[in-house]
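Start at 1 with the first residue, then count along the sequence.
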Amino acid sequence: MTPEEVGERLVTLMEDDSPDQPDKANATASVSGGGPGHERAVVDVPAARWWEAIGTAKHNGALGCDYFDWLSAVDELDEGFSVLCHLYSTRRKHSLLMRTRVTREDPVVESVVELFPGAAWHERETFEMFGIHFARHPDLRPLLLPPGFEGHPLRKEFVLAARVAKAWPGAKEPGESEAGTSKRAPMRPPGVPDPAEWGPDAK
């Protein structure tokens, strides 16, 4: 099947599962970029149907997405968090990128460990780095960060303290020389506070 057909197939199956609940059947399909031979189906589903959608992609014979590749998230700021899961069909040789959106106020989505045990570590890392809870996950213990660590480092509001305490390697801006060429005004990446407001040099 083409990426377009894969996405349309999953959307149709989810509509068929809830004919008397049209408000729930709001999955949408698109195709990712990447150029010829690298496109993949992308299906966006509401968070309440995340587990159902991934289970359908795995168990439906026409889709057969039996291989779990990875799961992670993206901080979309005021729009919440996108949770993404990449699946692959080893028999039919097509890819499927599943996406859902959770709010910053209540970042919860159902765990898919029951469907793909290999997702356990991915969900633990996403919980740790973004603070997204995976309901029914059997063991959301810390995976990468030291005990007692506070905060979620991949959230965009997380303060990158190391960037304040220590100068960034390679202090020169492109085009700057020792001859005194005018220096471009430095720009701080998201999450890096002004050293005058936070850190050892704060006033």
Minimum heavy-atom distance between Ala47 and Val102, given as atom pair plus value: CB-CG1, 4.1 Å

Close aromatic pair by centroid cut-off 6.0 Å: Phe127 and His137: no

Spacing of CH2 belonging to Trp50 relative to CZ belonging to Arg101, to within rounding of 0.5 Å: 12.0 Å

Cys85 side chain reached by Phe116 side chain, heavy atoms, under 4.5 Å: no

Straight-line distance of Glu125 CD to Leu154 CG, nearest 0.5 Å: 7.5 Å

Shared hydrophobic cluster for Phe149 and Trp121 (ILVMFWY, side-chain gaps under 4.5 Å): yes

Distance in Å, Ser89 OG paired with Asp66 CG, rounded so as to fall on 0.5 Å steps: 5.5 Å

Spatial distance of atom CG (Leu115) from atom CD (Glu110) [nearest 0.5 Å]: 8.5 Å

Thr90/Tyr67 under side-chain contact (heavy atoms from CB on, under 4.5 Å): CA gap, chis, key distance, verdict: CA-CA 7 Å; Thr90 57; Tyr67 180 78; 3.9 Å; yes

Contact check, side chains of Leu97 and Leu84, non-hydrogen atoms, under 4.5 Å: yes

Taking every non-hydrogen atom, the tightest pair across Phe130 and Ser72: CE1-OG, 4.3 Å

Parallel, tilted or perpendicular: ring planes of Trp70 versus His86, cut at 30 and 60 degrees: parallel

Test item: Arg92 side-chain N/O and Ala62 main-chain N/O as donor-acceptor pair under 3.5 Å: yes

Residue pair Gly118 / Phe68: nearest heavy atoms and the distance that separates them: O-CE2, 3.8 Å

Which atom of Tyr88 lies closest to which atom of His94, heavy atoms considered: CD1-O, 3.3 Å

Met98 side chain reached by Leu10 side chain, heavy atoms, under 4.5 Å: yes

Contact check, side chains of Ser82 and Arg99, non-hydrogen atoms, under 4.5 Å: no

Sidechain-backbone polar pair: Glu123 side chain, Val112 backbone, donor-acceptor under 3.5 Å: yes

ILVMFWY cluster, Leu145 and Ile132 together (side-chain gap under 4.5 Å): yes

Under 3.5 Å: donor-acceptor pair, side chain of Arg104, backbone of Asp78: no

Minimum heavy-atom distance Pro107-Gly131, with the two atoms named: CG-O, 3.5 Å

Main-chain N/O of Pro142 paired with Arg124 side-chain donor or acceptor, under 3.5 Å: yes

Under 3.5 Å: donor-acceptor pair, side chain of Thr103, backbone of Gly80: no

Chi angles and distances behind the side-chain contact (heavy atoms from CB on, under 4.5 Å) call for Glu157, Asp75: CA-CA 9 Å; Glu157 74 267 15; Asp75 187 343; 3.9 Å; yes

Side chains of Leu87 and Lys58 in contact at under 4.5 Å (non-hydrogen atoms): no

Met129 and Leu144, any side-chain heavy atoms less than 4.5 Å apart: yes

Beyond-backbone contact of Arg40 with Val6, side-chain heavy atoms, under 4.5 angstrom: no

Test item: Arg9 side-chain N/O and Asn60 main-chain N/O as donor-acceptor pair under 3.5 Å: no

Note, Thr28 side chain near Asn26 side chain (heavy atom, < 4.5 Å): no

Spacing of His59 atom NE2 and Ile54 atom CD1 [to the nearest 0.5 Å]: 11.0 Å

Nearest-0.5 Å distance, OG of residue Ser32 to CD of residue Glu39: 7.0 Å

hydrophobic_cluster_shared for Val31 and Val45, side chain cutoff 4.5 Å: no

Exercise: identify the closest heavy-atom pair between Ala57 and Leu96: CB-CD2, 3.6 Å

Audit row: Phe134, Val109, side-chain contact (heavy atoms from CB on, under 4.5 Å) steps and yes/no: CA-CA 5 Å; Phe134 291 87; Val109 69; 3.5 Å; yes

Criterion side-chain contact (heavy atoms from CB on, under 4.5 Å) on Phe81 and Thr126, from CA distance to verdict: CA-CA 11 Å; Phe81 300 96; Thr126 304; over 6 Å; no

